[in-house]
Structures are given as C-alpha cells and as structure tokens.
Number of protein chains: 2
Amino acid sequence: MQQHILSPNFSVDCVVFGFDFENLKVLLVERTLDDKETGKALVKDHTLAGNHVFNDEDLDEAAARVLYDLTGLENIYLEQFHTFGNPDRLTKEKDIMWLESIGLNPENRVVTTAYYSLIRLNDVKIEEKGRRLVWHPVDKPIDLAFDHKIIISLALEALRTKIRTNPIGFELLPTKFTLSQLQKLYEEIFGVTYDKRNFRKKISRMDYLVPLNEKQKGVAHKPAQLFMFSKDVYEKTKKDFFDFTV
Amino acid sequence: MQQHILSPNFSVDCVVFGFDFENLKVLLVERTLDDKETGKALVKDHTLAGNHVFNDEDLDEAAARVLYDLTGLENIYLEQFHTFGNPDRLTKEKDIMWLESIGLNPENRVVTTAYYSLIRLNDVKIEEKGRRLVWHPVDKPIDLAFDHKIIISLALEALRTKIRTNPIGFELLPTKFTLSQLQKLYEEIFGVTYDKRNFRKKISRMDYLVPLNEKQKGVAHKPAQLFMFSKDVYEKTKKDFFDFTV
DNA sequence: GCAAAAGTGTTGGGATTACACCCATGG
DNA sequence: CCATGGGTGTAATCCCAACACTTTTGC
C-alpha cells in the first residue's frame, strides 16, 4: 500500500487568527509568480495556510501539520468550520496560472476543508521557512487567492459563534493578561465597544478568571492587575447551558 | 468535458431531523445484504441519506439532491456542519462487504460532508421510492453503517448550537402550532424540561410568534390557541446579538 | 363528572444598562 | 506636572427561576 501520497482532491486551509492588542489579525502567505521573460509579476497576492491532505491522514491531522509546517507550533487550538467544494473555486485566471506554475492541474477538482485556529501572535516567527508571512487585519480588504476571502469571512463568523459560549479567547492572549486586553480582544472580534465598568462586573462573576499577585510593568500609566484563565475552575463550574456572551 | 459523473471521492450525508410531537427523530434508510447462497442476512442495519457528489455539482446542491431523491421535497432547510475524512471510516467488515456488493471499491478514500436538515415529518411519504425509510428517535441506539453514529451525534450538537440563536425550530413544526408543541420540541432537542409559565412568558416577548384567530380542533381537552412564526417580523425586529435561547 | 391538557401571576434575586470621576505611573 | 490608561459605584429596569390552581373540552 502506498504511503504519504498527497491526495490530489482533498485539501485543508487554516484561517490563523492572532491578536496584537490592537487588531484581530489573520496570518497570510504571500503568493507571487513572475513572468519568466519580462520578470513582471503575473500573480501577486496572498493565500491562507493550506495544503493537500496525505492519503493516510485524517483532515484534523492535515490541518495541524499545515500549521506546524508554517509556524513550528504544535497543540494549537484548531476548529473545523466549513468545507468548500464549489466546482468553480479554482477557475480564476490568476489561480489557474499559479496552479500550473507549481505543477498542479487546474482541471482537477479540489474540495477544501477549512479550519480556524487561535494562536498567540508573538509565538510565530514571521521570518522563518523562506515563506513570506504577514499578519493582516481581518477587517481590512486584501487581494486573496481562490475563494479565500469568503473562507476568512465564514471563519470569523464561526469564531464569533463559538466564543460566545466557550472560553476560547484566551488562546489569543498571553498566559497573563490585563482586563483591558481581554476587553479589547472581544471588542475587536465582535466589532463593538463595551462599557468598562459593566465588562468588569461581568468578569468578576467568572471565577475562572483569576487575579494574580502581579502587575503590568514598564507602562507609562497606572500598571494593571494581571489575570489568568483557569481551565480547572472553568471545567468544574461550568453549567450545562453556559453562556460566555460578553 | 464529461458531465454528471459521480465523483468517487466526495460524498454528502444528510441527517434529516423530524418531530412527531413526541420525539425528535432522524430519517434512516434500511440497508440489507443477503448471502446469495444461504439467503442469510450478511448486513442488516441503517444508513443516513447520502450519496456521492457529481463532478460538476456543488456540495450544497448534492445535499439538496440527495434529499429530493429520497423525499421528493425541495427548498428544505439544510445546514452543512462537519466533514468527516478519517482514512479508516469505511473499513468495518460489514461496510466493506456492502460497498463491494454495490460495485464500489472499499479501498477508495471517501470524504463525506455532512448536513443536517429540518423537515415537517408528515411531509415525507415513508413508503415511496422502494427504499425502506424509518423515522428513528435520535436518542435511541440503533445499528448504523460507517461512521454514521458519530455523524448524527455531531448533527444534534450543531442543531442545538444553531437553534439557540436562530429561530429555526419552526422548520420542524407545521405552519400553525400550539405553544405546548413548541415547548415540547425544545425540550426534546435539548433533553430537558421547562416550566410552562416561564416558557410562555419568554414567548410572549417574541413579537414574531403571532397568535392566530384559530384553535386546535378535535382534541379531548381544552383546545389550544394556534400560533405561527412570522419571518417578516423576525427579520425586522432582530437585534444584532439576538439570543433565542429558551 | 372525569380525564387531559390549556392557560395564567407573583415574588425575590440576579443581570444589564447607563453614566463620571479619581488614581498610579513614567516621562 | 502632565499624559495615559487603570480602576471603581449606584440606581432603574429587565430577566429569570420557582411555584399551584382554574378552565375548557370530549367522552
């Protein structure tokens, strides 16, 4: 039996979210193709992290592998959210050129299963691996390959739905964080603003958000109390219909 | 270019939910394979409604087609919720036998994209099309083909998540329904019970649940007021972060 | 008249909203 | 001493959970 053949029909794409305390960002890979003769750029845009699936590999494994290959990170929060199988999804002209340039057959139907993942933005070394990576604000338009634009927008929707009832925002924050950082994160994800006092009142009811005996350092203002998320306390106290809506 | 070839690698499966005012049910297809010599049943269990995807067909179209072929119904509520691509998902012995018996190669990897759909149970004529269909209570164990058991349990989870914030329960009810029927539906979906008065108080805040000038007929007790769901009112009055949790 | 489900109100506690000022630090 | 973000309280309203009895119909 053959091993480790990349299946021509199945792929996975990862919408990698990160938070720099300012904006919710998406990790994109630069894609360029230059005309061999003129040197002019034929294709210059961005793609999601993605790849075909090995024949003996589960989809979840493939997504984790793609992420590992790109960032060197393991045990990342990954959530499958949608599969895109439109028969025309690879038929834009620049996509055809690009597929041909890397030796793939654009006639070949590829169905991609999309995941979103949440990582601590600073854990990624942007320079690594020869591939040009960029963190791009999720709400700022950018030229994208294939159907990756719609994939990102569905990923954001899926993240919003999930984070309302599950404490997954902490995957985007350092272990120790301030309440203002947490608030800003939720504001960025939902594109809204919250009242500081009301937000904190809500937080104070969540026993799994535990204050540390530690304060922010080196800031030019009153240093903030640091908090951490206790998964233990969360698991023990969560109700059946737990609502994390902020 | 070839047209309408069933792709050997992609399939869709539909978890069809129905409600008979007693239980939440799933529509299953009987699967039998008898030994040609002895006549003894080699395989006797149930499968989801599913099929391979045509080469020129989107996944959503394939799911709608599968549903149409089985029930004759169109414009059904359909929601993609997960894609199952475990390389071992077709390797149980009875599944191999069955695949071979219908001329499919069990070595062939099939990734299936799963949908759940909500239909008015009485709209389906169980007898049609020569295929044996059964409505089976979603929480009662039954012997299922492939990985269909896990597909159903994820479908139920996805339905629960969706119905908390979207008024989709009405897809499972007749146009005119009573509040007790609505309550029972939510109780069955979530496996809980609600207080009648509190449930009704919540309902009375929902302007899109409109009482009709009509009552139940032919029941051996006080006949109930009939209600309908107004999509118009819902669309006009829904808030951004609308919460339909019951 | 009886069985069966429909329909209805109150109370206490907790959550949500709206809103404005003083505090600690680094530069 | 000033700029910056950290941190806090109250009142009004709304929502939630808990709880039991009367009404209308068919038989």
Side-chain angles (χ1 to χ4, degrees), chain A residues 19-23 164-165 173-174 176-188 190 192-228 237-246, chain B residues 19-23 164-165 173-174 176-188 190 192-228 237-246:
Chain A
F19 179 58
D20 61 1
F21 305 119
E22 294 279 330
N23 291 296
R164 258 156 204 270
T165 45
L173 291 170
K176 302 170 183 182
F177 52 84
T178 72
L179 294 186
S180 294
Q181 290 168 346
L182 184 65
Q183 179 175 347
K184 180 73 176 162
L185 172 60
Y186 277 82
E187 289 178 340
E188 284 300 307
F190 288 105
V192 295
T193 57
Y194 301 109
D195 177 85
K196 194 171 24 160
R197 281 168 293 186
N198 294 338
F199 184 85
R200 282 160 190 244
K201 242 175 294 173
K202 187 146 193 168
I203 294 296
S204 68
R205 264 176 268 124
M206 302 176 177
D207 294 333
Y208 50 85
L209 273 174
V210 302
L212 303 170
N213 288 326
E214 203 174 337
K215 288 195 194 296
Q216 247 183 339
K217 274 174 205 151
V219 286
H221 54 76
K222 180 171 172 179
Q225 169 82 251
L226 290 173
F227 283 75
M228 65 170 286
T237 60
K238 74 172 167 181
K239 302 181 227 123
D240 283 349
F241 281 177
F242 186 70
D243 187 0
F244 196 73
T245 314
V246 185
Chain B
F19 179 60
D20 61 1
F21 305 117
E22 293 280 329
N23 291 294
R164 261 156 201 272
T165 44
L173 291 171
K176 302 170 183 182
F177 52 85
T178 71
L179 294 185
S180 294
Q181 289 169 345
L182 184 65
Q183 180 175 347
K184 180 72 176 161
L185 172 61
Y186 277 82
E187 289 178 342
E188 284 300 307
F190 288 105
V192 296
T193 57
Y194 301 109
D195 177 85
K196 195 172 23 160
R197 281 167 293 186
N198 293 338
F199 184 86
R200 281 159 192 246
K201 244 174 291 173
K202 189 147 193 167
I203 294 295
S204 68
R205 263 176 268 124
M206 303 174 177
D207 294 333
Y208 49 84
L209 274 174
V210 303
L212 303 170
N213 288 326
E214 204 175 338
K215 289 195 193 300
Q216 245 182 340
K217 274 174 204 151
V219 286
H221 54 77
K222 179 170 174 177
Q225 169 83 250
L226 290 172
F227 283 75
M228 65 170 286
T237 59
K238 74 173 168 181
K239 303 180 228 124
D240 282 348
F241 281 177
F242 186 70
D243 187 358
F244 195 73
T245 314
V246 184

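All values below come from the heavy atoms of this structure, side chains included, with hydrogens, waters and symmetry mates left out. Throughout, a chain's letter reflects where its sequence line sits, starting with A, and its residues are numbered from 1. Remember, it's a predicted structure, so these values are computed and weren't measured experimentally.
- At C:dA6, one or more side-chain N or O atoms of B:Ser180 fall inside 4.0 Å of OP1 or OP2 (strictly under the cut-off).
- Rounding to whole angstrom units, CZ of residue B:Arg200 and C1' of D:dC19 are separated by 16 Å.
- Distance B:Tyr194 OH to C:dG7 C1': 20 Å, rounded to the nearest Å.
- Backbone-only engagement by B:Gln225 is indicated by non-hydrogen atom pairs under 4.0 Å involving sugar-phosphate atoms exclusively.
- One atom, CD of A:Gln216, and another, C1' of C:dT25, lie 11 Å apart when rounded to the nearest Å.
- For A:Arg197, no side-chain nitrogen or oxygen approaches OP1 or OP2 of C:dA18 to under 4.0 Å.
- In this structure, the NZ atom of B:Lys222 is 20 Å from the P atom of C:dC2, given to the nearest Å.
- In the set C:dA6, C:dG9, D:dC16, the nucleotide with an atom closest to the side chain of B:Lys202 is D:dC16.
- Rounding to whole angstrom units, CZ of residue B:Phe21 and C1' of C:dA5 are separated by 15 Å.
- Computed from coordinates, the A:Phe199 CZ to C:dA18 P distance equals 16 Å when rounded to whole Å.
- Under the 30°/60° scheme for interplanar angles, the aromatic rings of A:Tyr186 and A:Phe190 are found to lie parallel.
- Nearest-nucleotide positions on DNA chain C for A:Val219 and A:Asn198 put A:Asn198 closer to the 5' end.
- The NZ-P distance, from A:Lys184 to D:dG5, rounds to 11 Å in whole Å.
- With axes fitted over five pairs at each extremity, the angle between the ends of the helix from C:dG1-D:dC27 to C:dG27-D:dC1 is 10° (10° resolution).
- Proximity of B:Pro174 to B:Met228: side-chain heavy atoms (C-beta onward) are nowhere separated by under 4.5 Å.
- Contact check, A:Arg205 against C:dT16: a side-chain N or O comes under 4.0 Å of OP1 or OP2.
- Both A:Asp195 and A:His221 lie near DNA chain D, and the one whose nearest nucleotide falls closer to the 5' end is A:His221.
- Per the geometry, NZ belonging to B:Lys217 stands 15 Å off P belonging to D:dC27, to the nearest Å.
- Using a 4.0 Å cut-off, no side-chain N or O of A:Lys196 falls inside it from OP1 or OP2 of D:dG7.
- Between the base of D:dT10 and the side chain of A:Lys201 there is a donor-acceptor pair shorter than 3.5 Å.
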